[in-house]
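Written out below as structure tokens is the structure these notes cover.
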2 protein chains.
Amino acid sequence: MKADELRGHLDALILAVVKDAPLHGYGISEALHAQSGGAIELPTGTLYPALRRLERLGYLRSSWSTVSGRKRRTYELTRAGRGQLAAQRQAWSEFSGVVGGILGTGA
Amino acid sequence: MKADELRGHLDALILAVVKDAPLHGYGISEALHAQSGGAIELPTGTLYPALRRLERLGYLRSSWSTVSGRKRRTYELTRAGRGQLAAQRQAWSEFSGVVGGILGTGA
DNA sequence: TCACAATATGTAGCTAAACAACGTATCAGA
DNA sequence: TCTGATACGTTGTTTAGCTACATATTGTGA
């Protein structure tokens, strides 16, 4: 899967993956890889700027910790982030319906 | 629907909409508007460059005509365009499955 | 008749997101 | 000791879509 297709939807995926449990950047990358069945492999040049953007927008909150000698910045959803995730889910539903309908896939 | 979400998928939509019948730019715009239930409204600054790009890539072929005093450039799918459309459909199917799965929408 | 909407094409310049290619550092195991 | 996994990040580039603008014809309603 061309990762660039994600454009505009990556935020939703990140929010979704940290929803249940706070995760650090590398963990988010791994979670997306696993949950996509290996289809998603985020370059760090994509992931870390996205995380900073989401924090700047108030959807994520981060805190540093050290786990077995390695520093981690752990991200968790804010209240606004939960709202945004719900909105993104809704937007995805509409979007996929529209595109699927026109492409004749899934409609 | 935020039109920018289309990024990366617009080509597929255009190819899909000219598949059955050749259309001119304005007609493509209207077809997408109608087939999306009004959700898609393409700015001309998006549509026309996209058409030129698709022609340059060999997926579309264009020809001029005049209909009731107005000049039209009509686009039709090439053989390569048909192949590309099939590939895009496949890619969409995989993409929507992955995203839907992670967002918990449609999976 | 005069203005406005619809039809129809296009370009120039901007923005933002994703990417490739770096750079830094720790730890485990061969 | 050296490689691979873990973990953070930045710089500079590319590119697609957007806004705003420019042009022209035809149909319509005031």
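Protein chains get the first letters and strands the later ones, always in sequence-line order, with residue 1 at the start of each.
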Is it the case that C:dA8 (base atoms only) and B:Arg72 (side chain only) share a donor and an acceptor within less than 3.5 Å, ignoring hydrogens and angles?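 Side chain to base: no pair present.
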Closer than 4.0 Å, any side-chain N/O of [X] to the OP1 or OP2 of [N]?
| X | N | result |
| --- | --- | --- |
| A:Arg53 | C:dA18 | yes |
| A:Arg7 | D:dT15 | no |
| A:Tyr48 | D:dG9 | no |
| B:Thr44 | C:dG10 | no |
| B:Arg52 | C:dT11 | yes |
| B:Arg70 | C:dA6 | no |

Interatomic distance, [X] [atom1] vs [N] [atom2] [rounded to whole Å]:
| X | N | atom1 | atom2 | result |
| --- | --- | --- | --- | --- |
| B:Tyr26 | D:dT26 | OH | P | 16 Å |
| A:Phe95 | D:dG17 | CZ | P | 10 Å |
| A:Leu32 | C:dA18 | CG | P | 12 Å |
| B:Glu5 | C:dA17 | CD | C1' | 14 Å |
| B:His33 | C:dT7 | NE2 | P | 11 Å |
| A:Leu42 | D:dA7 | CG | C1' | 15 Å |
| B:Glu41 | C:dA6 | CD | P | 12 Å |
| B:His24 | D:dT25 | NE2 | C1' | 13 Å |

Side-chain donor/acceptor of A:Gln35 to backbone N/O of A:Val17, under 3.5 Å: no
Do the non-hydrogen side-chain atoms of B:Thr74 and B:His24 ever get within less than 4.5 Å of each other? yes
Can you confirm whether A:Leu47 sits close enough to A:Leu51 that some side-chain heavy atom of one is under 4.5 Å from a side-chain heavy atom of the other? yes
Under 4.0 angstrom, heavy atoms only, what part of the nucleic acid is A:Gly8 near: base, sugar-phosphate, or nothing? sugar-phosphate
Comparing B:Glu30 with B:Thr46, nearest DNA chain C nucleotide closer to 5' gives the residue B:Glu30
Nearest heavy atom decides the nucleotide; on that basis, is A:Ser68 or A:Gly45 closer to the 5' end of DNA chain D?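 Taking each residue's closest nucleotide, the earlier one in sequence belongs to A:Ser68.
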Partner of A:Asp11 under salt bridge (charged side-chain N to carboxylate O under 4.0 Å, His left out), picked from A:Arg89, A:Arg56, A:Arg53, A:Arg52, is A:Arg53
Test side chain to side chain contact (heavy atoms under 4.5 Å, CB included) on A:Leu6 and A:Leu42; report intermediate values, then the result. CA-CA 10 Å; A:Leu6 288 176; A:Leu42 289 182; 4.2 Å; yes
